[in-house]
Amino acid sequence: MRGRQVWRGGVVLGYVVGLSIGTITHLTDLFVHGLRPHEVFAPYWLDLYWTSLTLFDPLALALVVRGAVRGRSAAGVWLTCAVMATDLVANAYAVYGPLHSRVQDAPGLQRLLLFGLFVAVTAPWLARESRRHNCGGVGREPAHSLRP
């Protein structure tokens, strides 16, 4: 069981680092450039999406940590999956569309792809782990099974 807890801690740490970087990036964009930080090249809807991640990244982070600490919920894992999938699509559109660039010329997209791959590979396992009780890694029994 100890090995499973170490792996879970490492995976959760990966989510914490990735989502923290996203949160800091979007907050910095807002504070430095205002409510439309990418208006120079991005359409309004894309700028609005990236600004919304200022709320969704820390929400996913908090839910992932809560699921890891308290168990019973995988909501943070699935929200992280949704954020990463849509963020990858949005950034790929920006790189190939308005910026007329390529992945090899976009280190931010490269890092996002690596984190997205990490999330895609670990999400099913972490979701199962997040639904377990924290004591000893024993799966939670449904309430009806406790009746005589």
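The structure presented is a predicted model; accordingly, all values stated were derived computationally and were not measured.
Summarising the geometry of Ser73 relative to Ala75, their closest heavy-atom pair is OG-N, 3.2 Å, with the distance given to 0.1 Å. The shortest non-hydrogen separation linking Val119 to Cys81 is CG1-SG, 3.8 Å. The two residues Gly22 and Asp57 come nearest to each other via the heavy atoms C-OD2, 3.3 Å. Across every non-hydrogen atom of Trp125 and Val11, the tightest pair is CZ3-CG2, 3.9 Å. When every heavy atom of Pro107 is checked against every heavy atom of Asp105, the shortest pair comes out as CD-O, 3.5 Å. Residues Gln110 and Val103 share a closest heavy-atom pair of NE2-O, 2.8 Å.
The cluster map of Ile, Leu, Val, Met, Phe, Trp and Tyr, joined by side-chain heavy atoms under 4.5 Å apart, puts Val64 and Leu112 in the same cluster. In this structure, Trp7 is a member of the same hydrophobic cluster as Tyr15, with clusters built from ILVMFWY side-chain heavy atoms closer than 4.5 Å. In this structure, Leu53 is not a member of the same hydrophobic cluster as Leu30, with clusters built from ILVMFWY side-chain heavy atoms closer than 4.5 Å. In terms of hydrophobic clustering, with Ile, Leu, Val, Met, Phe, Trp and Tyr side chains grouped at heavy-atom distances under 4.5 Å, Leu114 and Phe118 are assigned to different clusters. Under the 4.5 Å side-chain heavy-atom criterion for Ile, Leu, Val, Met, Phe, Trp and Tyr, Leu55 and Ile24 are members of distinct hydrophobic clusters.
Between Tyr96 atom OH and Leu109 atom CG the span is 7.0 Å, to the nearest 0.5 Å. Annotation: the span from Thr54 atom OG1 to Leu59 atom CG amounts to 12.5 Å, rounded to 0.5 Å. Rounded to the nearest 0.5 Å, atoms CZ (Arg111) and CG (Asn91) are 11.0 Å apart. Taken to the nearest 0.5 Å, the CZ atom of Arg66 stands 9.0 Å off from the CZ atom of Arg72.
Taking 4.5 Å as the limit, every side-chain heavy atom of Ile21 sits out of range of all side-chain heavy atoms of Phe115. You'll find the side chain of Thr51 stays beyond 4.5 Å of the side chain of His26, heavy atoms only. Leu61 has its side chain within reach of Ser20: a pair of non-hydrogen atoms, C-beta onward, lies under 4.5 Å apart. Contact check for Leu113 versus Leu117: no side-chain heavy atoms found under the 4.5 Å cut-off. Between Thr28 and His33 there is no side-chain heavy-atom pair separated by less than 4.5 Å.
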Would you tabulate the side-chain donor-acceptor contacts of residues 36-43 under 3.5 Å, counting partners in other chains and residues two or more places apart, or write 'none'?
{"from": "Arg36", "atom 1": "NE", "to": "Asp47", "atom 2": "OD2", "distance (Å)": "3.1"}
{"from": "His38", "atom 1": "ND1", "to": "Asp47", "atom 2": "OD1", "distance (Å)": "3.0"}
{"from": "His38", "atom 1": "NE2", "to": "Asp29", "atom 2": "OD2", "distance (Å)": "3.3"}

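Hydrophobic cluster membership of Phe31, counting Ile, Leu, Val, Met, Phe, Trp and Tyr whose side-chain heavy atoms lie under 4.5 Å apart directly or via other members: Leu27.
Remark: side-chain polar atoms of Asp87 are not paired, donor with acceptor, to backbone N or O of Val83 under 3.5 angstrom.
The ring pair (Phe, Tyr, Trp, His ring centres under 6.0 Å) test applied to Tyr93 returns Trp45, not counting sequence neighbours.
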- Query: Step by step, would you call Thr86 with Tyr49 a side chain to side chain donor-acceptor pair (under 3.5 Å)?
  - Reply: CA-CA 9 Å; Thr86 56; Tyr49 169 76; 2.6 Å; yes
